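Below is one structure, written out as structure tokens, with a few remarks after it.
It should be emphasised that the depicted structure is a prediction, and the values quoted were computed from it without experimental measurement. Naming: A, B, ... by sequence-line order, numbering from 1 per chain. What you see below is based on every heavy atom in this structure, not just the backbone, and it leaves out hydrogens, waters and symmetry mates.
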There are 2 protein chains.
Amino acid sequence: MTTQSRATLADVARLAGVSSKTVSRVFAEAGNVSADTREQVLVAAKRLRFRPNNLARSLRRGGVTNTVAFVIGDLTNPFYFHVAAGIERELALRGLTMVLATTDDSPDSEERVVDALISQRVRALLLIPIADDQSYLEGERQLGTPVVSVDRPARNLLADSVVLQNRLGMAEAVRSLTAIGHRKIGFISNPSAMYTQRERLAGYREALREVGVVETAQWERLDDDPDISPELAVQSLLDLPDSPTAIVAGNNRGSAGAVRVLRNLKPPVAFIGFDDFELADALGISVVAYDTMELGRTAARLALDHLADPGAFTQQIEIPTRLIHRGSGEILPPR
Amino acid sequence: MTTQSRATLADVARLAGVSSKTVSRVFAEAGNVSADTREQVLVAAKRLRFRPNNLARSLRRGGVTNTVAFVIGDLTNPFYFHVAAGIERELALRGLTMVLATTDDSPDSEERVVDALISQRVRALLLIPIADDQSYLEGERQLGTPVVSVDRPARNLLADSVVLQNRLGMAEAVRSLTAIGHRKIGFISNPSAMYTQRERLAGYREALREVGVVETAQWERLDDDPDISPELAVQSLLDLPDSPTAIVAGNNRGSAGAVRVLRNLKPPVAFIGFDDFELADALGISVVAYDTMELGRTAARLALDHLADPGAFTQQIEIPTRLIHRGSGEILPPR
DNA sequence: CTGTTAGCGCTTTCAT
DNA sequence: ATGAAAGCGCTAACAG
């Protein structure tokens with residue numbers, strides 16, 4: 001079984017008895033080919049198992065590929081994956097394919113990874129910024145490559161962005177707790193340094209301030225060490241002399257930890273998580289939910305819009321969140 | 001802000017006062033360039049914001065890109081994206097990037113999608129087969145493109161494959177139930193037509209046969225209609241005059257349904273799921289678990305091995321499963 | 001260590 | 001409707 005080489009346009013042309021340009025026309029669907037010739041070309045192509053070489057095509061066409069890059073920090077996070085699914089779906093509608101690259105959550109590798117993708121001449125760049133600075137993309141943006149920042153805004157770069165309604169969503173959750181009488185409300189967040197968590201924290205504080213609670217530091221458990229389990233953070237809140245009657249979590253990780261600690265607690269502690277999760281319904285956990293795939297779809301759409309109209313203004317889009325009441329957030333404070 | 005064009009090797013060469021081949025050498029890291037020249041080239045490249053054009057490079061090098069394709073049916077399935085994460089991680093180690101394409105679980109689009117990827121000259125093809133027949137890939141395989149079938153074997157194609165220990169894993173789970181006295185054991189599976197489910201069903205029957213239970217049809221709930229909820233399947237088992245004392249689920253979907261129905265049931269029904277899931281520990285659900293990312297890593301490794309040694313034999317690898325005892329699988333039968 | 005020439009497979013441009 | 005020639009940006013194969 002020898003490894004034979006691939007058939008080219010010229011091979012097909014020779015076999016079909018036409019010029020390679022004619023074969024090109026058939027495969028580029030450029031019209032202007034008689035039905036007869038077309039038929040012959042297709043037969044020849046099939047016999048030779050011809051597949052057009054997109055590298056050559058893209059090169060000749062000025063480096064325009066049909067791939068779009070999505071750069072993620074950590075692929076194992078289900079959140080990012082749903083975003084990726086949304087992106088892929090939207091791109092597929094326009095015949096584009098997604099190339100996925102990860103930076104292993106390392107700010108240093110972001111530019112390197114992006115560079116490699118640019119060398120591959122991706123048509124647009126969607127990324128979840130990890131580094132502190134995306135100004136290195138300015139040149140590329142000026143060359144006409146749409147850049148869309150996903151889940152957090154890019155820094156030092158004028159780019160489209162799509163983020164969640166972090167602040168409002170969390171504020172709404174906390175308001176629903178204050179509305180039923182809670183005042184001592186804990187907030188757990190880890191890692192707390194990132195944009196989304198800072199925004200959600202702001203929403204938490206905002207809602208508490210509205211009911212006159214200004215001193216919230218004692219209720220906040222903001223950690224950045226991944227080794228500190230959310231269970232510990234929750235427990236430390238419960239161990240306070242004046243322990244909270246309700247707890248909110250800044251992310252899924254926190255919710256999982258809270259669920260483990262809070263179930264079967266007597267007197268029950270109210271809880272609302274940010275991010276929906278499997279079985280949250282069965283467990284009766286109230287959450288701030290949103291359409292993760294829509295985040296991806298919107299990001300892709302922004303990129304495609306920019307491709308269609310390079311002069312379009314940059315946009316900052318917020319994906320709405322909604323509070324889902326399932327019981328845990330409706331637990332009243334004691335007395 | 002005019003859209004200027006990209007700098008090329010030749011532009012850099014002109015500015016640096018060298019030949020383009022020298023610039024090429026600098027960027028291809030081919031050595032044989034004096035430190036001085038190298039420095040000048042890099043300066044010029046930086047000034048012009050030069051990024052090598054990988055399309056041209058790959059074309060010239062004989063169509064060898066540094067991308068590997070992973071073809072999935074449905075990206076929203078968390079299982080697949082953990083596989084993708086494993087693949088991506090393994091590829092990144094060798095400087096390869098993953099392009100992800102989906103077929104929307106439509107067998108008809110599989111060949112079309114794969115064709116497009118081949119046109120992009122991906123270096124290897126990893127796929128979760130959806131169609132009934134992958135013989136269309138035979139030509140490509142003969143041209144030297146490694147093809148690895150993931151999670152199920154390919155049909156009518158001699159390709160590497162990586163699958164889970166489906167049969168053994170499920171048999172082990174059922175054996176652990178029969179060992180503590182269960183004989184009436186339900187099996188729910190939806191969709192049941194696919195390879196993994198058929199294998200797990202076989203493992204279930206095998207383990208029951210070992211203890212003399214041959215008539216299992218009454219305990220099997222094999223559905224293919226996604227509109228039939230696993231909850232209904234579980235309920236229909238419980239409604240039997242001689243209802244099962246234990247239930248096993250063929251997949252995650254079934255587990256979620258079973259958990260919803262079985263919690264708070266009095267007399268409790270034993271349960272073991274296939275696939276681990278978030279909070280399964282908190283809920284005390286016993287499962288057959290496995291390393292999903294390892295599935296991906298192994299698939300990528302197989303492809304890379306074949307790239308390194310095109311003559312290597314095709315391999316069929318099974319990723320081991322392990323039974324995790326968390327309580328729900330240790331519930332004894334009544335009396 | 002550096003340069004010249006040719007050409008990867010395709011499409012653009014201009015003929016016919 | 002079809003074809004010939006040129007060239008996209010890069011590197012292989014040779015020089016020197």
Side-chain angles (χ1 to χ4, degrees), chain A residues 4-42 44-45 48-66 115-116 118-123 143-144, chain B residues 4-42 44-45 48-66 115-116 118-123 143-144:
Chain A
Q4 49 218 333
S5 61
R6 257 174 237 282
T8 69
L9 263 191
D11 298 330
V12 176
R14 212 169 301 124
L15 182 60
V18 296
S19 80
S20 55
K21 178 62 216 183
T22 299
V23 181
S24 166
R25 277 195 261 259
V26 170
F27 280 90
E29 325 223 322
N32 275 1
V33 180
S34 76
D36 275 7
T37 318
R38 193 186 143 76
E39 194 54 35
Q40 283 173 27
V41 167
L42 289 176
L48 295 175
R49 285 217 190 90
F50 169 72
R51 319 263 182 174
N53 184 332
N54 247 327
L55 296 171
R57 172 182 290 190
S58 293
L59 176 61
R60 187 59 248 241
R61 286 190 171 164
V64 178
T65 64
N66 51 2
D115 260 20
I118 292 174
S119 277
Q120 282 183 44
R121 295 297 187 264
V122 294
R123 223 155 146 187
L143 284 171
Chain B
Q4 49 219 336
S5 61
R6 255 176 239 281
T8 69
L9 263 191
D11 297 330
V12 177
R14 212 169 302 124
L15 183 60
V18 298
S19 79
S20 55
K21 179 64 213 185
T22 300
V23 182
S24 166
R25 276 193 263 258
V26 170
F27 281 91
E29 327 224 321
N32 278 2
V33 180
S34 76
D36 276 7
T37 319
R38 194 187 142 75
E39 196 54 36
Q40 283 173 28
V41 167
L42 288 176
L48 295 175
R49 287 218 189 89
F50 169 72
R51 320 264 182 172
N53 185 332
N54 247 327
L55 295 170
R57 170 182 290 191
S58 294
L59 177 61
R60 184 60 249 238
R61 286 190 171 167
V64 178
T65 63
N66 51 1
D115 261 20
I118 292 175
S119 278
Q120 282 183 43
R121 294 298 186 265
V122 293
R123 222 154 145 190
L143 284 171

Worksheet item: Would a 4.5 Å heavy-atom cut-off, applied to side chains only, mark A/Ile118 and B/Arg6 as touching?
Response: yes
Fill in: A/Ser34 side chain near D/dT2 phosphate (N/O to OP1/OP2, under 4.0 Å)
yes
Worksheet item: Rounded to the Å, how far apart are B/Arg61 CZ and D/dG9 C1'?
Response: 13 Å
Discussion item. From the set C/dT12, C/dC10, D/dC10, return the single nucleotide nearest to any side-chain atom of A/Thr8.
Written reply: C/dC10
Fill in: Rounded distance (Å) that lies between atom P of C/dT2 and atom CG of B/Leu9
16 Å
Fill in: Most 5' of A/Leu59 and B/Arg38 on DNA chain C, judged by nearest nucleotide
B/Arg38
Discussion item. I want to check something: taking the side chain as every heavy atom from C-beta on, are B/Thr8 and B/Asn53 in contact at a cut-off of under 4.5 Å?
Written reply: no
Discussion item. Distance check, rounded to the nearest 0.5 Å: B/Leu55 atom CG versus B/Gln120 atom CD?
Written reply: 10.0 Å
Item to complete: With heavy atoms under 4.0 Å as the rule, sort A/Ser58 into base, sugar-phosphate or nothing.
Response: nothing
Worksheet item: For B/Arg6 and D/dC10, what is the distance between atoms CZ and P respectively, to the nearest whole Å?
Response: 11 Å
Worksheet, complete the sentence: When rounded to whole Å, the CD to P distance for the pair B/Gln40 and C/dT2 reads 9 Å
Practice prompt. Round to the nearest Å and state the distance from B/Leu55 atom CG to C/dG7 atom P.
Written response: 22 Å
Discussion item. Can you tell me which nucleotide in D/dC8, C/dG7, C/dT11 comes closest to the side chain of B/Arg60?
Written reply: C/dG7
Discussion item. Between B/Arg61 and B/Ser58, is the side-chain contact (heavy atoms from CB on, under 4.5 Å) condition met? List the steps.
Written reply: CA-CA 5 Å; B/Arg61 286 190 171 167; B/Ser58 294; 5.7 Å; no
Worksheet item: Of the residues in residues 14-27 of chain A, which ones touch DNA chain D at a heavy-atom distance under 4.0 Å?
Response: A/Val18, A/Ser19, A/Lys21, A/Thr22, A/Arg25
Response to the item:
Interatomic distance, OG1@B/Thr22 vs CZ@B/Arg38, rounded to 0.5 Å, equals 12.5 Å
Discussion item. Please check: side-chain N/O of B/Ser119 versus main-chain N/O of A/Pro52, any donor-acceptor pairing under 3.5 Å?
Written reply: yes
Fill in: Between C1' of C/dC8 and CZ of A/Arg57, the distance in whole Å
16 Å
Worksheet item: Taking the side chain of A/Phe50 as heavy atoms from C-beta outward, which of D/dT2, D/dC10, C/dC10 is closest to it?
Response: C/dC10
Item to complete: Give a yes or no answer on whether the side chain of B/Thr65 reaches the backbone of B/Arg121 with a donor-acceptor pair at less than 3.5 Å.
Response: yes
Worksheet item: Could you give the CG-to-P distance, from A/Asp11 to C/dC8, as a whole number of Å?
Response: 11 Å
Worksheet item: To the nearest angstrom, how far is A/Ile118 atom CD1 from D/dG9 atom P?
Response: 17 Å
